[in-house]
S.K.: 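Take a look at the following structure, please.
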Amino acid sequence: HHVGIAAQSPQGLVVTVIRDADMRSIFDLSREFERLGDAVRNNTATREELTGSTFTISSLGKLGGVLATPIINFPEVAIVGVHKIEEKPAVRDGQIVIRHLMNLSISVDHRLADGWDGAMFLQDVKALLEDPTTMFMEMV
């Protein structure tokens with residue numbers, strides 16, 4: 001799975017591509033994300049580093065966005081939007097409490113993947129974000 005990460009650059013919005021993301025550790029992904037970000041900022045990213053993603057992650061959170069419908073970059077299968085984390089009231093164990101909450105959105109090309117699979121993927125992402133320690137379980 002080649003995952004695109006949308007990033008703002010002096011040249012506009014670009015999508016850097018982390019190849020074989022499904023085969024990398026969380027630490028390796030972090031290093032590659034940083035390396036690609038530097039390449040974009042320094043205007044040294046290659047065509048190979050900017051093409052060929054099968055899925056994109058886009059974030060409007062830094063800009064304050066709380067909801068959006070991300071547009072799929074053809075020929076990708078899907079794109080997920082990550083939005084701003086905000087303090088909001090939530091009900092936990094029958095009590096109203098203030099929690100840090102974030103919206104996620106996904107667009108799926110139904111010619112290539114079932115919407116149900118996209119929805120289940122988003123539930124998996126949600127579970128990982130709610131308990132990040134589970135990301136490290138596969139590393140043992």
Side-chain angles (χ1 to χ4, degrees):
H1 300 91
H2 305 318
V3 176
I5 307 290
Q8 186 62 30
S9 77
Q11 297 77 31
L13 189 66
V14 297
V15 176
T16 58
V17 180
I18 298 179
R19 304 224 175 264
D20 302 313
D22 56 319
M23 306 302 284
R24 296 174 178 237
S25 72
I26 190 85
F27 301 110
D28 187 37
L29 289 170
S30 177
R31 284 189 297 271
E32 184 66 355
F33 178 67
E34 185 68 28
R35 187 190 71 74
L36 289 169
D38 289 343
V40 167
R41 284 186 291 281
N42 297 326
N43 202 24
T44 59
T46 66
R47 181 175 180 82
E48 171 86 4
E49 294 169 328
L50 301 175
T51 59
S53 55
T54 54
F55 178 90
T56 290
I57 301 169
S58 182
S59 174
L60 294 175
K62 187 174 180 180
L63 299 174
V66 294
L67 188 61
T69 303
I71 306 300
I72 302 168
N73 299 309
F74 179 81
E76 292 182 355
V77 174
I79 183 170
V80 68
V82 179
H83 308 289
K84 182 180 180 183
I85 299 171
E86 294 184 306
E87 286 187 340
K88 294 182 182 180
V91 178
R92 297 289 188 264
D93 299 321
Q95 300 293 317
I96 297 175
V97 295
I98 301 300
R99 302 291 293 221
H100 286 92
L101 300 176
M102 174 183 71
N103 291 325
L104 296 170
S105 53
I106 191 167
S107 297
V108 178
D109 186 336
H110 288 261
R111 296 170 295 179
L112 303 170
D114 189 275
W116 175 260
D117 294 328
M120 295 309 296
F121 169 78
L122 210 53
Q123 289 301 310
D124 289 342
V125 170
K126 177 181 176 283
L128 288 169
L129 291 172
E130 288 176 343
D131 186 5
T133 58
T134 58
M135 284 188 250
F136 299 98
M137 291 178 147
E138 291 184 20
M139 297 171 61
V140 179

S.K.: What donor-acceptor contacts under 3.5 angstrom involve side-chain atoms of residues 35-47, with partners at least two apart or in another chain?
M.R.:
residue: Arg35; atom: NE; partner: Glu32; partner atom: OE1; Å: 3.0
residue: Arg35; atom: NH1; partner: Glu49; partner atom: OE2; Å: 2.7
residue: Arg35; atom: NH2; partner: Glu32; partner atom: OE2; Å: 2.8
residue: Arg35; atom: NH2; partner: Glu49; partner atom: OE2; Å: 3.1
residue: Asp38; atom: OD1; partner: Arg41; partner atom: NH2; Å: 2.7
residue: Arg41; atom: NH1; partner: Gly37; partner atom: O; Å: 3.4
residue: Asn42; atom: ND2; partner: Asp38; partner atom: O; Å: 3.0
residue: Thr44; atom: OG1; partner: Ala39; partner atom: O; Å: 3.4
residue: Thr46; atom: OG1; partner: Glu49; partner atom: N; Å: 3.2
residue: Thr46; atom: OG1; partner: Glu49; partner atom: OE1; Å: 3.4

S.K.: First locate atom CG of Asp131, then atom CG of Leu129, and finally report the distance between them rounded to the nearest 0.5 Å.
M.R.: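 Asp131 CG to Leu129 CG: 10.5 Å, rounded to 0.5 Å.
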S.K.: Would you say Ile98 has more than 12 foreign heavy atoms packed within less than 6.0 Å of its CD1?
M.R.: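 Yes.
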S.K.: Could you walk me through whether Ile106 and Val125 satisfy the side-chain contact (heavy atoms from CB on, under 4.5 Å) test, starting with their C-alpha distance in whole Å, then the side-chain angles of each, then the deciding distance to 0.1 Å, before giving a yes or no?
M.R.: CA-CA 11 Å; Ile106 191 167; Val125 170; over 6 Å; no
S.K.: Verify the cluster assignment for Leu13 and Ile18: are they in a single hydrophobic cluster under the rule of side-chain heavy atoms below 4.5 Å apart?
M.R.: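 No; tracing contacts between hydrophobic side chains, which count when under 4.5 Å, never links both residues.
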S.K.: Which residues satisfy the salt bridge (Lys or Arg N to Asp or Glu O under 4.0 Å) test with Asp109, sequence neighbours excluded?
M.R.: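 Residues passing salt bridge (Lys or Arg N to Asp or Glu O under 4.0 Å) with Asp109: Arg111.
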S.K.: Of all the heavy-atom pairs spanning Val66 and Asn103, show the shortest one and how long it is.
M.R.: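 For Val66 versus Asn103, the nearest heavy atoms are O-ND2, 2.7 Å.
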S.K.: For Pro75 and Leu112, which heavy atoms make the closest approach, and how far apart are they?
M.R.: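 Closest approach of Pro75 to Leu112: O-CD1, 4.2 Å.
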S.K.: With the 4.5 Å side-chain cut-off for hydrophobic clustering, are Leu122 and Met102 part of the same group?
M.R.: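 In one cluster: yes.
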S.K.: Which heavy atom of Leu50 sits nearest a heavy atom of Thr16, and at what distance?
M.R.: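 Reported closest heavy-atom pair: CD2-CG2, 3.9 Å.
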S.K.: Determine, step by step, whether Asp20 and His2 satisfy the side-chain contact (heavy atoms from CB on, under 4.5 Å) criterion, reporting the C-alpha distance in whole Å, the side-chain angles of both residues, the deciding distance to 0.1 Å, and the verdict.
M.R.: CA-CA 5 Å; Asp20 302 313; His2 305 318; 3.4 Å; yes
S.K.: Between Thr54 (side chain) and His1 (backbone), is there a donor-acceptor pair under 3.5 Å?
M.R.: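 The answer is no, because no donor-acceptor pair under 3.5 Å joins these two groups.
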S.K.: Indicate every side-chain donor-acceptor pair of residues 77-95 with a distance under 3.5 Å to a residue at least two apart or in another chain.
M.R.:
residue: His83; atom: NE2; partner: Ser105; partner atom: OG; Å: 2.9

S.K.: Honestly curious: do Ile5 and Leu29 fall in one hydrophobic cluster under the side-chain, below-4.5 Å linking rule?
M.R.: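 Result: yes, single cluster for both.
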S.K.: Answer yes if Met120 and Leu104 sit in the same cluster of Ile, Leu, Val, Met, Phe, Trp and Tyr residues linked by side chain heavy atoms under 4.5 Å apart, and no otherwise.
M.R.: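 As far as the 4.5 Å side-chain criterion goes, Leu104 and Met120 are not connected within one cluster.
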S.K.: What is the minimum heavy-atom distance between Ser53 and Val3, and which atoms define it?
M.R.: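 In terms of heavy atoms, the two residues are closest at CB-C, 4.1 Å.
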S.K.: I need the minimum non-hydrogen distance between Ile72 and Val108, along with the two atoms involved.
M.R.: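 Taking every non-hydrogen atom into account, CD1-C, 3.4 Å.
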S.K.: I'd like to know if the side chain of Arg24 reaches the main chain of Arg19, judged simply by a donor and an acceptor atom lying under 3.5 Å from each other, with no hydrogens or angles considered.
M.R.: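 It does hold such a pair.
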S.K.: Let me know which of Thr51, Asn73, Ile57 forms a side chain to side chain contact (heavy atoms under 4.5 Å, CB included) with Val15.
M.R.: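 Exactly one pass, corresponding to Asn73.
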S.K.: Grab the two heavy atoms, one from Thr56 and one from Ala6, that are nearest each other, plus how far apart they are.
M.R.: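 Residues Thr56 and Ala6, closest heavy atoms: CG2-N, 4.2 Å.
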